[in-house]
Amino acid sequence: MNCSVFALCRSALVVLFFVSLLAMGCGERPDAGAARIVGYVHGARANLPSAEDATMLTHVNYAFTHIEDGEVVSATPSDSLKFVGLRALKAANPDLAILISIGGWSLSEGFSDAALTEEARARFAESAVRYVVANGIDGVDLDWEYPGQPGAGNTYRPEDRENFTLMLKTLRNALDREAETQGRDRYLLTIATGASQTYLDNTDLRSAQKYLDFINIMTYDFSGAWTDTVWHHTNLRLPGVDGGSPRGTDSAVAEHLRAGVPRHKLVVGVAFYGRGWSGVRGLNTPANSSAFSMAYHDIATLAKGQRGFKRMWDEAAMAPYLWNDSSGTFITYDDTLSLRLKAEYIRDEGLGGAMFWEYNADSTGTLLRTLARHLAG
């Protein structure tokens, strides 16, 4: 054997050695590889992801179904047709996973009752499995807003903390039984979590995460109509200033880690929309009742300098915002720079990927392309 052939064989053996180490679980992360990109698609809106966009997504969470009489039901009659369209995307990306997201801010009213007893939990889980099988999808995402808290006027109880974990255990077992029946490896089970210590105090994620494939942290809506101060709503870092938001993406991740969630199961939420106020004095000043939200594709137009807006950058918070001095209008949002920095943060911290709300808020496709490019490393 000549030297060049020997060198090639030796190189191949080295590669095979490291591949085998990863296969045996010796890598730093149990699911080492490409980061997840989880996109929420709001069913009440018109557009499903394109075939091209589907190649950049790993998971689609179709939002929302809700709970009626303890069972999972569609929110709109057209949902079954939307699933036909979503399943068709697997022609472009066979690895794409499609999940139904149950709940959300305005449709979480049935969770506390459905989790209350063993019988209720079994009924809920069986209905969720039936829904998954009937629509040919790959799993369930629970978006209970929020266990042990009122949310949008929803029923809540102190027992929600324990019952939430029991609900997830019951659902995990039901999905596993169905996977065995169907002869498939697994149905996925994920949740969306609040990005606050209050959420973590009202749940037991150390126990609950054992039943979950991953957790989507809603690291956005740090400010809005409900806050007293004009502040970023999806900032990466939390600068040490008086007032403003007590939350940031990195602090929410740190809280989840302390709560017992493995870092590879944490998926960081990013915003494809912005929040704003008119008639205010700028960042970290008193808010008023003029709060609004805006899709990224509309924000991107203003960011080009139209209608008197100027793009600004908060270096400490690692977050952009728009400011219109004449009208006192402030808009907080994610853009390509903040997403690039968040992707670097996700990779550096060994986290599980990124999630975004919501696909239809960026018709330009710029933000999804940015995530795909930079999460790939």
Side-chain angles (χ1 to χ4, degrees), residues 31-65 74-102 131-141 143 175 178-179 182-190 192 213-214 216 264 267-273 295-297 300 334-336 339-340 342-343 346-347 351-377:
D31 59 345
R36 303 176 186 94
I37 299 180
V38 183
Y40 277 86
V41 174
H42 193 259
R45 295 175 185 160
N47 296 322
L48 297 178
S50 66
E52 179 183 1
D53 288 351
T55 65
M56 294 181 273
L57 293 162
T58 61
H59 302 73
V60 169
N61 287 357
Y62 184 80
F64 292 103
T65 56
S74 290
T76 64
S78 64
D79 284 346
S80 59
L81 293 176
K82 294 289 182 70
F83 285 121
V84 173
L86 288 171
R87 292 196 305 269
L89 295 176
K90 293 194 176 191
N93 179 6
D95 295 325
L96 180 67
I98 301 163
L99 293 84
I100 183 61
S101 187
I102 305 170
Y131 196 99
V132 165
V133 173
N135 289 287
I137 54 180
D138 304 300
V140 176
D141 173 67
D143 188 0
L175 288 167
E178 186 61 32
Q182 297 288 337
R184 59 181 289 161
D185 290 338
R186 189 173 182 85
Y187 283 108
L188 297 173
L189 178 57
T190 69
D213 292 279
F214 56 88
N216 301 300
H264 71 272
V267 175
V268 172
V270 304
F272 279 22
Y273 66 99
Y296 173 77
H297 45 244
D334 261 327
D335 67 0
T336 55
L339 290 193
R340 178 175 65 80
K342 287 180 178 180
I346 289 165
R347 296 202 317 270
L351 304 177
M355 167 273 287
F356 62 85
W357 179 270
E358 179 268 335
Y359 177 78
N360 284 280
D362 180 21
S363 60
T364 72
T366 303
L367 297 183
L368 178 55
R369 287 194 298 270
T370 299
L371 284 177
R373 182 180 307 118
H374 293 290
L375 280 176

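Atoms considered below: every heavy atom in the structure, side chains included; atoms not considered: hydrogens, waters and symmetry mates. This one's a predicted model, so the numbers in the text were calculated from it and none came from an experiment. The chain is numbered in sequence order, starting from 1.
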query = Do His297 side-chain atoms and Ser363 backbone N/O form a donor-acceptor pair below 3.5 Å?
reply = yes
query = When rounded to the nearest 0.5 angstrom, what distance separates NZ in Lys342 from CG in Leu375?
reply = 12.0 Å
request  = Step by step, work out the side-chain contact (heavy atoms from CB on, under 4.5 Å) result for Leu99 and His59.
outcome  = CA-CA 7 Å; Leu99 293 84; His59 302 73; 4.0 Å; yes
message = Less than 4.5 Å apart, side chain to side chain, heavy atoms only: is that true for Leu368 and Ile37?
response = yes
message = Please check this pair: side chain of Arg36 against backbone of Gly353, looking for a donor-acceptor N/O pair closer than 3.5 Å.
response = no
ask   = Hey, what do you get for CD1 (Ile137) to CG (Leu86), rounding to the nearest 0.5 Å?
value = 9.0 Å
key: salt bridge (charged side-chain N to carboxylate O under 4.0 Å, His left out) involving Arg87 - partner list, sequence neighbours excluded   = none
inquiry  = Using modelled atom types and a 3.5 Å cut-off, is there a donor and acceptor pairing between side-chain atoms of Asn360 and backbone atoms of Asn47?
reply    = yes
inquiry  = Using a 6.0 Å cut-off, check whether atom CD of Gln182 has over 12 heavy atoms from anything other than its own residue.
reply    = yes
remark   = Sequence neighbours excluded, the answer for ring-ring contact (aromatic ring centres under 6.0 Å, His included) partners of Tyr187 is none
Minimum-distance pair of heavy atoms, taken over all atoms of Ala35 and Thr58 = O-CG2, 3.9 Å
ask   = Judged by modelled atom types alone, do Tyr273 and Asp362 share a side-chain donor-acceptor pair under 3.5 Å?
value = no
task = Quick one: do Tyr359 and His42 satisfy ring pair (Phe, Tyr, Trp, His ring centres under 6.0 Å)? Show the steps, please.
result = CA-CA 8 Å; Tyr359 177 78; His42 193 259; over 10 Å; no
ask   = Would you call the rings of Tyr40 and Trp357 parallel, tilted or perpendicular if under 30° counts as parallel and over 60° as perpendicular?
value = tilted
task = Could you tell me whether the side chain of Arg184 and the main chain of Arg186 form a donor-acceptor pair under 3.5 Å?
result = yes
task = Check the pair Val41, Leu48 against side-chain contact (heavy atoms from CB on, under 4.5 Å), reporting the backbone distance first and the verdict last.
result = CA-CA 7 Å; Val41 174; Leu48 297 178; 4.0 Å; yes
query = What residues form a ring-ring contact (aromatic ring centres under 6.0 Å, His included) with Tyr296, not counting sequence neighbours?
reply = none
ask   = Can you name the nearest heavy-atom pair linking Leu89 to Pro49, along with the distance?
value = CD2-O, 3.3 Å
ask   = Hey, what do you get for CZ (Arg369) to NE2 (His374), rounding to the nearest 0.5 Å?
value = 11.5 Å
ask   = Atom CG in Leu188, atom CD1 in Ile98: separation rounded to 0.5 Å?
value = 11.0 Å
task = Check the side chains of Thr55 and Asn93 for a donor-acceptor pair under 3.5 angstrom, ignoring hydrogens and angles.
result = no
task = Give me the one residue out of Asn61, Leu57, Leu339, Asn216 that meets side-chain contact (heavy atoms from CB on, under 4.5 Å) with Phe356.
result = Leu57
key: Whether Ser50 side chain and Asp53 backbone form a donor-acceptor pair below 3.5 Å   = yes
task = Decide side-chain contact (heavy atoms from CB on, under 4.5 Å) for Lys90 and Asp138; before the verdict, give the C-alpha distance in whole Å, the side-chain angles of both, and the deciding distance to 0.1 Å.
result = CA-CA 12 Å; Lys90 293 194 176 191; Asp138 304 300; 2.7 Å; yes
message = Taking the side chain as everything from C-beta on, heavy atoms only, tell me whether Phe214 gets closer than 4.5 Å to His264.
response = no
request  = May I ask you to decide if Gly43's main-chain N or O and Lys82's side chain share a donor-acceptor pair within less than 3.5 Å?
outcome  = yes
message = Could you go through Glu178 and Val133, starting from their C-alpha distance and side-chain angles, then the distance that decides it, and tell me whether this counts as side-chain contact (heavy atoms from CB on, under 4.5 Å)?
response = CA-CA 9 Å; Glu178 186 61 32; Val133 173; 3.6 Å; yes
Test item: side-chain donor near acceptor, Tyr62 and Asn135, under 3.5 Å = no
inquiry  = Under a 3.5 Å distance rule, please check whether Asp334 uses its side chain to pair with a backbone N or O of Ala271 as donor and acceptor.
reply    = yes
task = Check Ile102, Val140, Ile100 against Tyr131 for a side-chain contact (heavy atoms from CB on, under 4.5 Å) and give me the one that passes.
result = Ile100
task = Check the side chains of Asp141 and Ser101 for a donor-acceptor pair under 3.5 angstrom, ignoring hydrogens and angles.
result = yes
